[in-house]
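Numbers restart at 1 for each chain; the letters A, B, ... are given by sequence-line order, proteins then strands. Keep in mind that the numbers below use all heavy atoms, side chains included, and drop hydrogens, waters and symmetry copies.
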2 protein chains.
Amino acid sequence: MPKEARPGTGEQAKQHALEQLRQAISRGEMAPAQRLVENELAEQFGVTRASIRAALIELASEGLVERIRNRGSRVRVVSVEEAVAITECRMVLEGLCAAKAAVEADEEQLTELADLGTAMSKAVADGEPLTYSDLNHQLHARIREFSGQRVAVELLERLNAQLVRHRFQLALRPGRAQRSLGEHLAVIEAIRARDPQAAEAAVRAHLASVIDALSE
Amino acid sequence: MPKEARPGTGEQAKQHALEQLRQAISRGEMAPAQRLVENELAEQFGVTRASIRAALIELASEGLVERIRNRGSRVRVVSVEEAVAITECRMVLEGLCAAKAAVEADEEQLTELADLGTAMSKAVADGEPLTYSDLNHQLHARIREFSGQRVAVELLERLNAQLVRHRFQLALRPGRAQRSLGEHLAVIEAIRARDPQAAEAAVRAHLASVIDALSE
DNA sequence: GCCAACAAGATTGTCAACGATTTCGTTGCC
DNA sequence: GGCAACGAAATCGTTGACAATCTTGTTGGC
């Protein structure tokens, strides 16, 4: 009876359940508004209910699930209005990160950004929206990372986790990649030029365009 | 034996403990890095350890306490560097709120901001830093509120909760109120003029000055 | 036939006890 | 006298059971 996949990690039961649940939600394996019954989850993940409870409390605090007194937990559904509000926050926070990255990044990191840019251009030229979406995430993540702003990084990762469903929907929209590509290249250009103000402006322009696309 | 202060609210034990603990930390009643032993807290608040555990997990997710496996919980100490990083995030997020408030606020709310401005001027003129600090918080809170940006508001409140100790230290610094006052008045002016860009710039200038003061 | 009161089922909240891990003081050895 | 291994105390993590609450299906009355 395999209780855990990787015993070497020494994960506590709660951490194990937390990570499993978080990934399941982030991958969209849990339907939106699906009920999360503690007993079922406990059996499903092979841990006790207390561990599931702890994980759910933490996920609720991250905004991924919704808990109602004596009524249980659901995966939270984010409305379009809320997705816009979240993206507005991303806009200013990623703007901050880009500005700092333009100052803090070293030459090797700048090269990595340039490589990502060419890869993205290729993905668009080849008409591979899936690859492009993946590179998109990588680019945003790298810029965050290079900024060295850990507080902003944590906030952004938390916000991004709430957008999985909308993000999925947005990536498949035809013509979106072409528009997005130009904006991304502008961001990369500004950071490589070590111009914090231009970098912030470019990121904000990009996410403003995402907000437009979200609102349709 | 009074078990709870207000039975009318119908608070669950966990919610009760959570609120008590959060306020105790926010008011600085718990020393920084103080150990939070679950048994002691349980007895102190008249609830069981399970409730305390749930509350601690939530507070840890909010960044107010720090939990280490099998080692217990402490109230988290934020270094000066971290306080600066947090304030950088506040800078862009409050900038966003101010810009939205400049567009969204109604006339009554603008009047309230103006009144707060005159009250702050008076507090500085009378040399009452305590009153000024209080009005300061009110002003920031009102601007957040008027923006209607609930996501940003929640992020900001979470960030602010982590700064209690540094904020306390900053308010007492001589000459700080005078400088701060001018920046605050500029923010109010920009919002009343319904100029989102100017409002954002004013807020960012103000918090940039706070960052300078933090770094000394 | 429809609505309200009621009861059964399901689910979460709470509790006390057990097991695992870490910390710290003590003892024995070099 | 200093250091390592050992053991006791403290504390957290986990478990299973119980109580409180909500939901749902049923029954009785109008």
Original post:
Is there a donor-acceptor contact under 3.5 Å linking the side chains of B/Glu183 and B/Ser209?
Top reply: yes
Round to the nearest Å and state the distance from [X] atom [atom1] to [N] atom [atom2].
X       : N      : atom1 : atom2 : value
B/Gln15 : C/dG13 : CD    : P     : 9 Å
A/Ile52 : C/dT11 : CD1   : P     : 15 Å
B/Arg74 : D/dT11 : CZ    : P     : 13 Å
B/Asn39 : D/dG13 : CG    : C1'   : 13 Å
B/Arg35 : C/dT22 : CZ    : C1'   : 10 Å
B/Ile68 : D/dG13 : CD1   : P     : 11 Å
A/Arg53 : C/dC15 : CZ    : C1'   : 12 Å
A/Glu38 : D/dG16 : CD    : P     : 16 Å

Original post:
For DNA chain D, whose closest nucleotide is more 5', that of A/Ala50 or that of A/Asn70?
Top reply: A/Ala50
Original post:
Has the side chain of B/Arg49 got a donor or acceptor that lies under 3.5 Å from a partner of the other kind on the base of D/dG13?
Top reply: yes
Original post:
With a 3.5 Å cut-off and just heavy-atom distances, do the side chain of A/Arg71 and the base of C/dG13 make a donor-acceptor pair?
Top reply: no
Original post:
Okay, side chain of B/Arg167, backbone of B/Ser133: is any donor-acceptor separation there less than 3.5 Å?
Top reply: no
**OP:** Have a look at A/Leu36 and say if it touches a base, only the backbone sugar-phosphate, or nothing, with a 4.0 Å heavy-atom cut-off.
**Re:** sugar-phosphate
Original post:
Base, sugar-phosphate, or nothing: which does A/Leu56 touch, judged by heavy atoms less than 4.0 Å apart?
Top reply: nothing
**OP:** Would you mind telling me which of D/dT15, C/dT22, D/dC22 lies closest to the side-chain atoms of A/Arg69?
**Re:** D/dC22
Original post:
Can a side chain N or O of A/Arg67 be found less than 4.0 Å away from OP1 or OP2 on C/dG13?
Top reply: yes
Original post:
Is any side-chain nitrogen or oxygen of A/Thr48 closer than 4.0 Å to OP1 or OP2 of D/dT14?
Top reply: no
Subject >> Salt bridge flag under 4.0 Å for residues B/Glu94 and B/Arg204 >> reply: no
Subject >> Note: B/Glu154-B/Arg144 ion pair, threshold 4.0 Å (strictly below) >> reply: no
Original post:
What residues, two or more places apart in sequence or in another chain, satisfy side-chain contact (heavy atoms from CB on, under 4.5 Å) together with B/Val103?
Top reply: B/Pro196
